Amino acid sequence: MRTVEWVDNAVRMIDQRHIPWDLRYVDLHDVEQVAAAIRDMVVRGAPAIGATAAFGMALAAHTSGASTLPPLRADLQRAGDILKASRPTAVNLQWAVDGLLHLAEHTSSGSVDELRQRLLQAAQQIADDDIAINRRMGAHGAVLIQDGDTVLHHCNTGALATVDHGTALGVIRTAFEQGKRFSVLLDETRPRLQGARLSAWELEQLGVPYHIIADGAAGYFMRRGEVNLVLVGADRIAANGDFANKIGTYQVAVLARTHDIPFYTVAPTSTIDATIPDGSFIPIEERDPAEVLAPYGCAIAPAHYKVCNPAFDVTPAEYVSGIVTEYGIVHPPLTHSIARTLAAANSTP
Ligand code: MRU
């Protein structure tokens, strides 16, 4: 099944908090439940929360008691505010909510039920497009992987982080489906362990050879010459190519530069936030200290110990060898090539 989908007038998703031990689904029946699922990371990963937010907006329209367009639009505005407040860093969430609000604002004719239907269709389209875009990025990015390579990957960017297929892990999947034979080092990705729990679960099923490594081991393998390529995802890319991704990405980028290893981020153009000039404008989510002190309920230090828990960091564009998008690989100088790619994207019907 897809990570998130619309089933029987509800938003159904995989509850990622139970993977790899258990594959459970949850059905959400109102926008507050959808926002809570995003905040509590039942669903996570930038494109997956974008699609979830789109279905959340469709759900808000579905559950609204409005009988004319103006109050329905007001309900959607409230729903959009609730969803946008759930997680701040991944721009895909904002992008999806704004897309559906724009549709509601610009639909001046037709009935309330017709607008509900159009919003649901738009959300379905975002979900379907996500899969198609991921496959395109997979095809573009697969050229970066050669037989015999070892690819280092951070966090989870696979089917679970998207509607299906994945971004950086999607490139790995496509290369493997093309018959290339290589292996993957998965950073465990403290504190929520998306690499050890989710990426390993996905690669197990795909049959791609992998080893989980402690986050602190990345430099060890790079220095031994055992990493040929680094692939990561992105939660928000600024106009100059600086990008936010899961905490720990920045240090991997610096290590890759030190060891002369190509470092690529893989992300759809919906992850590019052209309204911000550089990464200093990206809001960084600070999460519950309990994630560090007691991951998944397993206490490793007393609950009153002091913690800082930023969920993302920003990697400056100078460390990026390229960005794999659905329109191809974008190379430095990134300010110029990102602008060109967005212009191409906007002129594509
Ligand atoms: O906190 P998460 O698990 O939502 O963070 C996810 C990541 O940082 C991914 O690398 C990013 O969303 C890109 S994945 C398609």
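This structure is a prediction, so every number in the text was calculated from the model and none was measured. Counting from 1, the numbers follow the sequence of the chain as shown. Read the numbers this way: they start at 1 and go in the same order the structure lists the ligands and their atoms.
At distances below 3.5 Å, at least one donor-acceptor pair connects side-chain atoms of Glu114 with backbone N or O atoms of Ser111.
In this structure, Leu144 belongs to a hydrophobic cluster whose other members, linked by side-chain heavy atoms under 4.5 Å apart, are Ile133, Met137, Val143, Ile145, Val151, Leu169, Val171, Ile172, Phe176, Phe182, Val184, Leu186, Leu203, Leu206, Val208, Tyr210, Ile212, Leu229, Leu231, Tyr264, Val266, Val324, Ile329. Under a 4.5 Å side-chain heavy-atom cut-off, the cluster of Ile, Leu, Val, Met, Phe, Trp and Tyr residues that includes Met222 is completed by Leu152, Leu185, Ile213, Tyr220, Phe221, Val227, Val230, Val232, Ile237, Phe243, Val252, Leu255, Ile261, Phe263, Ile272, Val320, Ile323, Val330, Leu334, Ile338, Leu342. As a member of the Ile/Leu/Val/Met/Phe/Trp/Tyr network built from side-chain separations under 4.5 Å, Ile247 groups with nothing else and remains a singleton.
In this structure, Asp215 and Glu188 approach most closely via the heavy-atom pair OD1-N, 3.3 Å. When all heavy atoms of Ile82 and Ala35 are compared, the pair lying nearest together is CG2-CB, 3.6 Å.
Protein residues with a heavy atom closer than 4.0 Å to ligand 1 are Met41, Arg44, Gly45, Ala46, Pro47, Arg87, Cys155, Asn156, Thr157, Ala161, Thr167, Gln194, Gly233, Ala234, Asp235, Asn245, Lys246, Phe312, listed by chain and number.
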